[in-house]
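Note sheet for the following structure.
Just so you know, these numbers come straight off a predicted model, no measurement behind them. Side-chain atoms are counted along with the backbone in the values below, which use heavy atoms only and exclude waters and symmetry mates. So that the names make sense, note that chain A is the first sequence line, chain B the second, and so on, each numbered from 1.
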Protein chains: 2
Amino acid sequence: MAHTLEEIAKLAGVSRSTVSRVINDHPNVRPEVRERVWQVIREVGYQPHAAARSLATNRTQVLGLIIPQAVTTLFTDPFFPHLIQGMAEACNAHRYHLMLSLFTGRTDQESLYRRVLRSGTLDGVVVASTTLDDPLIPRLLQEKLPFVSVGRHREAAVSYVDVDNVAGARQAVEHLLRQGHRRIATVTGPLAMMAGRDRLEGYRQALEARGVPVDDALIAEGDFTEEGGRMAMQRLLPHRPTAVFVASDTMAVGAMKAIKEAGLRIPEDVAVVGFDDLPVASIVEPALTTVRQPIERLGATAVEVLIGLIEQQAEAPQHIILPTQLVIRASCGALSGSRGLE
Amino acid sequence: MAHTLEEIAKLAGVSRSTVSRVINDHPNVRPEVRERVWQVIREVGYQPHAAARSLATNRTQVLGLIIPQAVTTLFTDPFFPHLIQGMAEACNAHRYHLMLSLFTGRTDQESLYRRVLRSGTLDGVVVASTTLDDPLIPRLLQEKLPFVSVGRHREAAVSYVDVDNVAGARQAVEHLLRQGHRRIATVTGPLAMMAGRDRLEGYRQALEARGVPVDDALIAEGDFTEEGGRMAMQRLLPHRPTAVFVASDTMAVGAMKAIKEAGLRIPEDVAVVGFDDLPVASIVEPALTTVRQPIERLGATAVEVLIGLIEQQAEAPQHIILPTQLVIRASCGALSGSRGLE
DNA sequence: TTGTAAGCGTTATCAT
DNA sequence: ATGATAACGCTTACAA
């Protein structure tokens, strides 16, 4: 069933090295010989043994996606499936494989780190949604394993791929300002994550550009979960915002619940804008105005950058920022124009 | 940086074989020697080279999750993230790794099959949501690679883990019958999938047990997508059902849209029950009554069964069915009791 | 252009 | 209880 180079060689009447050359597309093989060898390979359905090859070349053709402990609960967020889908497509296209390492609750971190990072199983790693001080990053830097972060990182040496969170948030808030809103609140993401900080920064920039003072009472930190969004919104409501920019759609769903529970209408009493454009954004009522980010492209790009690093077509650090796009639906009040504030 | 057995041996003043024995917990090593070797290993942070080990043992400690082409669009369904989470946890617990193979659109199927199944990279495979005639199954059978299907399969030789779709659907429909409904429609899953068929079978059984005739006009096939659910419901509405059992929550969201678009109320005019208990079930309005399935446990169980097969603690085929649970919310009208039909 | 042979880092068999 | 030594299946100088 499982053949070896040696057998193919015998069947084709050549030596092991010649078969190897054929398989690896080396020059210096007579065309007729090459063809004969391929013939045999196809006939018997030969497939090189990955481990043996990897032992000889010190390459595995396997990339890892590492999602740190803290976010495994968030794995239910559609962000990750999209990211993975993008990564998987890019991997397939480049003939790499994708290994998934979720640092789940009871896992012994250290042993998993070692098994994953030091056993030579991975040619490179994509890390997603780390916190700013995640110990994984220095660790990776020190292992000298090629890696790319999905999400900006302050450490200059880190290669990353990200969307333009600052600009996206700024657009969202500018849109609300254009509607005439002045008391605009925000539910931020975790400020321990760059995405959380960047979206808050975009909020600030938009207000300041318009000369609207930033009021700390109108800023509440969330944790990217629905329940977190709901609780943050409850803290904001007493300060009477007329609009709120929520840093993720999932949190926005929670925020909308809080608003409705308080007996207020969306968008008449409080306009809402989210971030992500997840499917849920068009399911909720009213449909959610939000900032769309190209998550699959983010994943594909991360893989491509990583492969570039591995195959040394590029040097670390690589920094790539993808654009976002404001998607206007009913929750911001711009469609009905009913506020008449334009 | 990357040490070898040889180096550890030298540092500990023993032979390579002794170090190997220590690492693999073989008996016949003097306790003091064992301790000395571990000491060195810890000091230098040695980690065995996976490829070398795998070449010698013919084991990789890697399991594959294969999702066939047709469903990659469905990867956005929260079903997969949950499944993966369960699988990842089980893998971590048993010191296996998880490799993800999505058969994405433009992929060359055959070459990916070969690279994945015949290169010896995987000790075993979990396949998810195959269609009944998916060529992958016979292929796997023939490769003699241990594998487990998430989802029942008619081929007797196939090991599988599944939830009790028939009983779950039956419960759902029985619940509607108990509410007094008689014109109960159903939006099925794809009938090319076992889950689609089984849930339809449960629907049938419930009706027949009550002596309610099964009316084909009240059965419409969906495809597990929201839009598919909406379209199927549109076909059903002219036949005036007073209730509908939708074979997935995602489709139920679409069905609810269709009902509302037709100017009907839920549950007063049409009661709705879904299947899955995804997060969206509690987000829609009214909240969706649905059949909860233990998706993470499904994933974990699949991995455990697979490992049993690989390590030969069990013989194929293994068949495991997990129970479901009816979750009653507002969309079926049972909470308000407003239909007064009880 | 092709073949020979020496690794790659383990495990496993056999002596000792 | 420990140490040589031969695999495992491939790549890659080096020779021819």
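In summary, A/E35 and A/R42 engage in a salt bridge, as defined by a charged side-chain N under 4.0 Å from a carboxylate O. Salt bridge present: B/R139 and B/E143 bring a charged side-chain N and a carboxylate O closer than 4.0 Å.
Remark: the backbone N or O of A/S20 is paired with a side-chain donor or acceptor of A/N24 at under 3.5 angstrom. Looking at A/H94, its side chain never comes within 3.5 Å of a backbone N or O of A/Y96 through a donor-acceptor pair.
Between A/E7 atom CD and D/dC8 atom P the separation is 11 Å, expressed in whole Å. We find that NZ of B/K10 is positioned 19 Å from P of D/dT2, with the value rounded to whole Å.
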B/S111 vs A/R95, side chain to side chain donor-acceptor pair (under 3.5 Å): CA-CA, chis, key distance, verdict: CA-CA 10 Å; B/S111 102; A/R95 317 206 112 206; 3.0 Å; yes

B/F147 and B/L136: CA distance, side-chain angles, deciding distance, side chain to side chain contact (heavy atoms under 4.5 Å, CB included) verdict: CA-CA 11 Å; B/F147 79 101; B/L136 179 58; over 6 Å; no

Sequence-aligned protein contact record of nucleotides 8-16 of chain C, with B where the base is within under 4.0 Å of a protein heavy atom and S where only the sugar-phosphate is: BBBBB----

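The line from CZ of B/R152 to OH of B/Y160 is 5.5 Å long, rounded to the nearest 0.5 Å.
Near-neighbour residues of DNA chain D inside residues 27-39 of chain B, defined by a heavy atom below 4.0 Å, number-ordered: B/N28, B/V29, B/R30, B/V33.
Shown here are the salt bridge (charged side-chain N to carboxylate O under 4.0 Å, His left out) partners of A/E315, two or more places apart in sequence or in another chain: there are none.
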